[in-house]
Amino acid sequence: MAYYHDIAADIRTQISHGKYEKNQKLPKQTELAITYKTSRVTIQKALNLLQVEGIIYAKKGTGTFVSEAYSTFDYNARVNRGLTKRLGKTGKLTSRIISFDTLLADEQEQSKLRLGKEDRIYDIVRLRLLDDVPVALEYTIMPVAVIPGITEEVLKASVYEYISNTLHLPIGTSIRRIKADRPDIYDQQHLICSPNDPILEVEQTVYLENGIPFEFSQSRHRYDMGDFIVANN
């Protein structure tokens with residue numbers, strides 16, 4: 001039986017690939033339940049999630065339709081899924097490593113990740129691309145002792161999948177700060193934007209389920225590459 005998050009991700013992918021076009025009606029919940037071999041309750045949860053994200057909308061007594069405003073690059077800011085999990089099935093997602101090193105954590109990094117003076121961190125800068133289109137410029141630090149074994153091969157694939165599937169560490173909550181900013185020289189170079197294009201920066205600290213912080217990052221996004229959606233449930 002599929003989890004509703006997985007069902008929502010699959011429907012999202014089908015919409016992105018054009019199986020369901022904008023303003024097109026989705027199959028009935030009973031039909032989707034048969035397709036995904038699950039209950040209508042699970043299908044309803046999946047559709048509710050997509051509706052919260054603004055991907056679909058409901059017409060009372062008529063059905064559920066694909067939203068006119070939906071973009072492949074829209075983000076649900078409340079979900080810790082990683083870019084590979086969120087966009088990997090919508091196209092070819094690749095990572096270009098701009099820099100990768102291990103360093104002693106400075107005072108600010110020690111504070112963000114609850115580290116000591118002798119603790120080392122990974123210092124990572126990656127450009128994420130979907131079908132060769134720049135999606136995000138990511139600046140990330142992680143404690144080496146908490147997330148051992150990160151290599152360039154891991155960085156070119158999915159760090160979150162490595163953490164979950166190889167290290168078997170369950171990912172917990174995150175705290176995000178989202179703000180607008182002017183593009184710096186690196187944004188202009190890697191995100192292919194002009195000096196006057198706004199940039200959306202997402203700063204986040206992500207925790208394992210046991211409450212240990214394992215990531216502090218700042219990701220930079222072009223203003224025209226999707227919206228950040230927050231729903232209070």
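Only heavy atoms go into these numbers, but all of them, side chains included; no hydrogens, no water, no symmetry mates.
The backbone N or O of P134 sits nowhere less than 3.5 Å from a side-chain atom of R222 that would complete a donor-acceptor pair. The main-chain N or O of V133 is never found under 3.5 Å from a side-chain atom of D131 such that the two would form a donor-acceptor pair. Remark: the backbone N or O of E31 is paired with a side-chain donor or acceptor of T35 at under 3.5 angstrom. Counting only distance, with no hydrogens or angles, the side chain of K25 and the backbone of T62 share a donor-acceptor pair below 3.5 Å. The backbone N or O of Q44 lies less than 3.5 Å from a partner atom in the side chain of N48, making a donor-acceptor pair.
For R120, the CZ atom counts as densely surrounded, since its 6.0 Å shell holds more than 12 non-hydrogen atoms of other residues, nucleotides or ligands.
Side-chain contact between I11 and I7: present, with at least one pair of heavy atoms (C-beta onward) separated by less than 4.5 Å. Residues L47 and Q51 fail the side-chain proximity criterion, which asks for heavy atoms closer than 4.5 Å. Put simply, the side chain of V159 does not reach to within 4.5 Å of the side chain of I124, judged on heavy atoms. When side chains are defined from C-beta on, F216 does not count as touching E109, because their heavy atoms never get closer than 4.5 Å. Side-chain contact between K156 and I97: present, with at least one pair of heavy atoms (C-beta onward) separated by less than 4.5 Å. In this structure the side chain of F214 reaches within 4.5 angstrom of the side chain of V206, judged on heavy atoms. By the 4.5 Å heavy-atom criterion applied to side chains, D197 and D187 are not counted as neighbours. Inter-residue side-chain proximity for F65 and N23 is flagged as unmet; no heavy-atom pair is nearer than 4.5 Å.
The two residues S95 and A157 have their closest heavy-atom pair at OG-O, 4.2 Å. Scanning both residues, C193 and P183, for their nearest heavy atoms gives SG-CB, 3.9 Å. Across R220 and D181, no two heavy atoms sit closer than the pair NH1-OD2, 2.8 Å. The minimum heavy-atom distance between L191 and A136, with the atom names listed, is CD2-C, 4.0 Å.
When only modelled atom types and interatomic distance are considered, E201 and Y139 share no side-chain donor-acceptor pair under 3.5 Å. No donor-acceptor contact under 3.5 angstrom links the side chains of T140 and E138, judged on distance only.
When R96, H190, R126 are each tested for a side chain to side chain contact (heavy atoms under 4.5 Å, CB included) with L137, only one passes: H190.
Under a hydrophobic clustering in which Ile, Leu, Val, Met, Phe, Trp and Tyr are joined whenever their side-chain heavy atoms come within less than 4.5 Å, directly or via other members, L115 and Y122 fall into different clusters. Both I55 and Y36 belong to a common hydrophobic cluster when Ile, Leu, Val, Met, Phe, Trp and Tyr are linked at side-chain heavy-atom distances under 4.5 angstrom. The hydrophobic cluster containing I141 does not contain V144, counting ILVMFWY residues as joined when their side-chain heavy atoms lie under 4.5 angstrom apart, directly or transitively. Linking Ile, Leu, Val, Met, Phe, Trp and Tyr residues whenever their side-chain heavy atoms come within less than 4.5 Å places I212 and M142 in a single cluster. Cluster membership check: I121 does not share its hydrophobic cluster with V154, using side-chain heavy-atom separations under 4.5 Å among Ile, Leu, Val, Met, Phe, Trp and Tyr.
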From CA spacing to verdict: side chain to side chain donor-acceptor pair (under 3.5 Å), Y160, E215: CA-CA 10 Å; Y160 275 35; E215 174 190 322; 2.9 Å; yes
side-chain contact (heavy atoms from CB on, under 4.5 Å) between V66 and E21, worked out: CA-CA 7 Å; V66 179; E21 298 180 352; over 6 Å; no
Working for side-chain contact (heavy atoms from CB on, under 4.5 Å), residues V41 and Y4: CA-CA 9 Å; V41 173; Y4 75 93; over 6 Å; no
